[in-house]
Amino acid sequence: MIAAVSTSPGSSQRPDQDQDQGTDQGPDPTLGSLMAERRHLLNLGYRMLGSVQDAEDVVQETYARWYALSEDAQRAIDVPMAWLTRVASRICLDQLGSARARRERYTGEWLPEPVRHGAGWASTGGSGAEDPADRITLDESVSMGMLVLLDSITPAERVAFVLHDVFGLPFAEIAETVGRTPAACRQLASTARRRLAHRPPGSSTAAEHGRVVTAFREACETGDLDALVALLDPAVESRSDGGGKVRAALRPVIGRDKVARLFLGLMRREPEMELVEDDVNGTPGVAVRIGGTTFAVLAVGVRGGLITDLWLVVNPDKLRAWNGEGGERGDGGADGVDGAGVGGAS
């Protein structure tokens with residue numbers, strides 16, 4: 001079972017309480033509570049949706065609904081953080097339902113938006129000091145492998161699993177969110193657990209994972225086909241997400257020989273490409289840069305000392321935080337991205 005994240009929904013602090021009180025007596029505990037509250041909702045939204053931008057939208061909508069309440073209605077809510085969590089979860093549940101239809105129209109594979117160590121959010125990119133409230137708590141529930149697996153289960157199963165197994169909420173509270181009985185919610189979480197257990201996202205230690213990623217980078221840089229093939233599981237899968245905005249493989253590439261030749265081909269086609277080891281969703285991965293700009297982020301799944309999965313995100317809209325850009329959504333890639341084509345042939 002995944003350890004619950006530390007941000008708790010049990011705070012009784014109200015979002016609209018005066019933030020100025022206590023400024024002459026040192027740090028304001030109210031401000032700290034508000035920051036923890038926003039961080040909790042951002043963590044919840046990202047694990048539910050796999051998208052930084054969508055998680056931010058959920059938080060904004062959640063607060064909009066709170067401030068739309070009358071003062072009397074706000075005062076009648078005993079535990080505002082529980083109310084905010086329930087509302088944010090319902091918004092996520094609705095978005096998960098519509099996301100499936102949107103992804104049927106998505107060009108190629110859809111992959112979660114990658115976050116790096118420290119996990120500053122897109123909206124704070126390039127702004128200098130980062131707000132601690134705008135950060136993702138990294139643990140195994142936010143690994144790329146886990147997020148990809150979560151995307152394969154039903155929306156109700158995902159909400160029940162994340163709220164219970166990750167955030168530690170009781171099924172009685174989850175029932176209010178998904179509109180089912182506590183027993184039904186328990187079954188939803190159990191079903192999700194069984195489905196996720198069929199293909200665990202990885203079982204390597206951090207040290208082993210790091211060694212494998214280093215060896216992978218070196219084999220790609222030197223063009224050593226034999227060394228690269230030796231690092232890959234026979235059934236390894238490589239998936240690329242270009243979002244129709246940059247050139248990327250539209251279907252999974254399966255098998256160690258095909259995957260090895262794919263990545264060595266990318267290196268030959270872009271001789272100025274630089275592979276930089278970086279933290280991707282809490283585990284060692286690779287940032288692909290050209291001229292100091294990140295054009296792709298590679299998350300790596302490792303099991304038994306071999307690479308089982310490679311998730312290559314080249315959609316520029318999902319790499320804004322990696323390049324210190326703001327969080328505004330764009331309808332196209334950055335200048336020069338189309339020419340890079342680091343995602344592979346379609």
Side-chain angles (χ1 to χ4, degrees), residues 1-11 36-59 61-62 79 81-100 103 110-115 119 121 135-202 281-283 299 311:
M1 178 175 172
I2 297 173
V5 297
S6 59
T7 49
S8 169
S11 170
E37 173 186 278
R38 175 173 168 79
R39 187 185 308 117
H40 166 80
L41 295 176
L42 287 168
N43 274 286
L44 175 71
Y46 182 71
R47 285 163 174 79
M48 292 283 196
L49 303 174
S51 167
V52 172
Q53 294 179 344
D54 288 346
E56 289 177 323
D57 288 346
V58 167
V59 174
E61 175 62 21
T62 300
V79 185
M81 189 67 252
W83 185 93
L84 292 169
T85 298
R86 184 165 58 252
V87 170
S89 298
R90 285 175 178 167
I91 296 172
C92 287
L93 183 59
D94 291 340
Q95 286 206 15
L96 285 169
S98 61
R100 296 207 163 191
R103 290 173 193 172
W110 184 93
L111 293 175
E113 184 173 349
V115 294
W121 292 78
R135 302 175 80 86
I136 304 169
T137 302
L138 297 177
D139 59 27
E140 61 184 314
S141 71
V142 82
S143 72
M144 185 64 73
M146 176 58 76
L147 291 175
V148 169
L149 288 173
L150 286 174
D151 209 47
S152 68
I153 62 180
T154 70
E157 289 169 352
R158 183 168 187 166
V159 170
F161 175 83
V162 170
L163 289 178
H164 182 266
D165 286 41
V166 179
F167 287 88
L169 268 64
F171 288 114
E173 291 186 27
I174 298 172
E176 296 182 40
T177 298
V178 299
R180 307 195 188 190
T181 65
C185 291
R186 183 185 299 275
Q187 184 60 44
L188 285 172
S190 177
T191 301
R193 251 177 256 122
R194 287 198 303 271
R195 293 189 179 187
L196 297 176
H198 284 312
R199 189 175 184 185
N281 287 62
T283 59
W311 300 284

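Positions are given from 1, in the same order as the sequence printed here.
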Side chains of Ile174 and Pro182: does their closest heavy-atom pair fall under 4.5 Å?
-> no

Next on the checklist: For His164 and Phe171, take the angle between the two ring planes, folded into 0 to 90°, and tell me which bin it lands in: parallel under 30, tilted 30 to 60, perpendicular over 60.
Outcome noted: parallel

Looking only at heavy atoms, the pair that brings Trp110 and Leu49 closest together is CH2-O, 3.6 Å

Contacts satisfying salt bridge (charged side-chain N to carboxylate O under 4.0 Å, His left out) that involve residues 144-162 (not counting sequence neighbours) are Arg103-Asp151, Asp151-Arg158, Glu157-Arg195

Heavy-atom closest pair (Gly45 atom, Ala55 atom, distance to 0.1 Å) is C-CB, 3.6 Å

- Task: Please test Leu188 against Phe161 for side-chain contact (heavy atoms from CB on, under 4.5 Å), starting from the C-alpha separation and ending with a verdict.
- Result: CA-CA 7 Å; Leu188 285 172; Phe161 175 83; over 6 Å; no

Output for pair (Met144 CE, Thr283 OG1), nearest 0.5 Å, gives 8.5 Å

Note: Pro155 and Leu96 closest approach over all heavy atoms is CB-CB, 3.7 Å

### Query
Tell me, do Val115 and Tyr46 make a side-chain contact under 4.5 Å, heavy atoms counted?
yes

Side chain to side chain contact (heavy atoms under 4.5 Å, CB included) filter on Thr62, not counting sequence neighbours, yields Leu41, Val58, Leu84, Val87, Ala88, Ile91

The complete set of salt bridge (charged side-chain N to carboxylate O under 4.0 Å, His left out) pairs with one or both residues in residues 82-91, sequence neighbours excluded, reads Arg86-Glu176

From the list Leu150, Leu147, Leu163, Asn43, side chain to side chain contact (heavy atoms under 4.5 Å, CB included) with Met48 holds only for Leu163

Side chain to side chain contact (heavy atoms under 4.5 Å, CB included) test vs Val159 passes for just one of Ile153, Leu93, Thr154, namely Leu93

In this structure, OG1 of Thr85 is separated from CD of Glu173 (nearest 0.5 Å) by 8.5 Å

Taken to the nearest 0.5 Å, the spacing of His40 NE2 from Leu42 CG works out to 10.0 Å

Residue pairs meeting side chain to side chain donor-acceptor pair (under 3.5 Å), one or both in residues 178-189, sequence neighbours left out, come to Gln187-Thr191

